[in-house]
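I have placed the structure first, in the form of structure tokens, so that the comments after it can refer back to it.
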Amino acid sequence: MSGSIRNIAVGLLIREGRVLAEEYRETERHPHFLRAIGGGIDFGERAEDAVRREFLEELGVTLTEVRLLAVTENLFALAGKAGHEVVHVFAVRSPELEETAFDARMPILDNTTTAGWFPLSDLGMPFNPDGIVAIAAELADDPASLADPLH
């Protein structure tokens, strides 16, 4: 088997049992799904810096707090191709995003998708990367954990 492993950094912003996520509509290549906001880590870039950069590039916002929650692996198939990612998952804060209405749709600035708030208790579609729902649910159950580096 050949291919490469992609390192990515994603941020979880949780508010009142909802998670901010990028929404991908169904196409011929893939089903309808959600994805945590973030993207690739550049060579020589720290994962925390990458998640900060990705939120700025994708939503035009600055993150005020960032804390590593987990590092996971995501093995998947998309459009018939196998993928493998090492995922750095961060809890993040952004006053700009936290003031956004739950029914708002925010354009992703470097893509044709949008982001919005989705209730964790009723996602109704896959949420990528794999395992992110459990991490988000744990953060939603204990939002103060962002301030506790030993949590």
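Only heavy atoms go into these numbers, but all of them, side chains included; no hydrogens, no water, no symmetry mates.
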Distance check, rounded to the nearest 0.5 Å: [X] atom [atom1] versus [Y] atom [atom2]?
X	Y	atom1	atom2	answer
E96	L63	CD	CG	9.5 Å
R52	E57	CZ	CD	14.5 Å
N7	D42	CG	CG	11.0 Å
E22	F127	CD	CZ	10.5 Å
L34	T113	CG	OG1	11.0 Å
Y24	T112	OH	OG1	8.0 Å

Passing option when V92 is tested against L69, L13, V10 for side chain to side chain contact (heavy atoms under 4.5 Å, CB included) |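 Running side chain to side chain contact (heavy atoms under 4.5 Å, CB included) over L69, L13, V10 with V92 returns exactly one hit, L13.
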Given E54 and I37, is the side chain to side chain contact (heavy atoms under 4.5 Å, CB included) satisfied, shown in steps?
-> CA-CA 8 Å; E54 288 290 340; I37 308 287; 5.7 Å; no
Which heavy atom of [X] sits nearest to which heavy atom of [Y], and what is that distance?
X	Y	result
E16	F102	OE1-CE1, 3.6 Å
L12	V89	CD1-CG1, 3.7 Å
A9	F90	CB-CE1, 4.1 Å
G40	R53	O-NH2, 2.8 Å
R105	F118	NH1-CZ, 3.3 Å
A115	L59	CB-CD2, 4.2 Å

Where the side chain of E98 meets the backbone of S94, is there a donor-acceptor pair that is under 3.5 Å apart?
->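 Present.
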Would V66 and L20 show up in the same hydrophobic cluster when neighbours are defined by side-chain heavy atoms closer than 4.5 Å?
-> yes
If we ignore angles and hydrogens, is there a donor and acceptor under 3.5 Å between the side chains of H32 and E23?
->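 Side chains of H32 and E23: pair found under 3.5 Å.
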Side-chain donor-acceptor distances from residues 75-85 under 3.5 Å, at least two apart:
residue : atom : partner : partner atom : Å
H84     : NE2  : E73     : OE2          : 2.6
E85     : OE1  : N74     : ND2          : 2.9

Under 6.0 Å from the CZ atom of R46, do we count more than 12 heavy atoms belonging to anything else shown?
->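 At most 12 heavy atoms, drawn from other residues, nucleotides or ligands, come within 6.0 Å of this atom.
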Run the numbers on I108 and D110 for side chain to side chain contact (heavy atoms under 4.5 Å, CB included), then give the verdict.
-> CA-CA 6 Å; I108 298 294; D110 62 358; 3.3 Å; yes
Flag side-chain contact, heavy atom, 4.5 Å: V71 against H88 |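 In contact.
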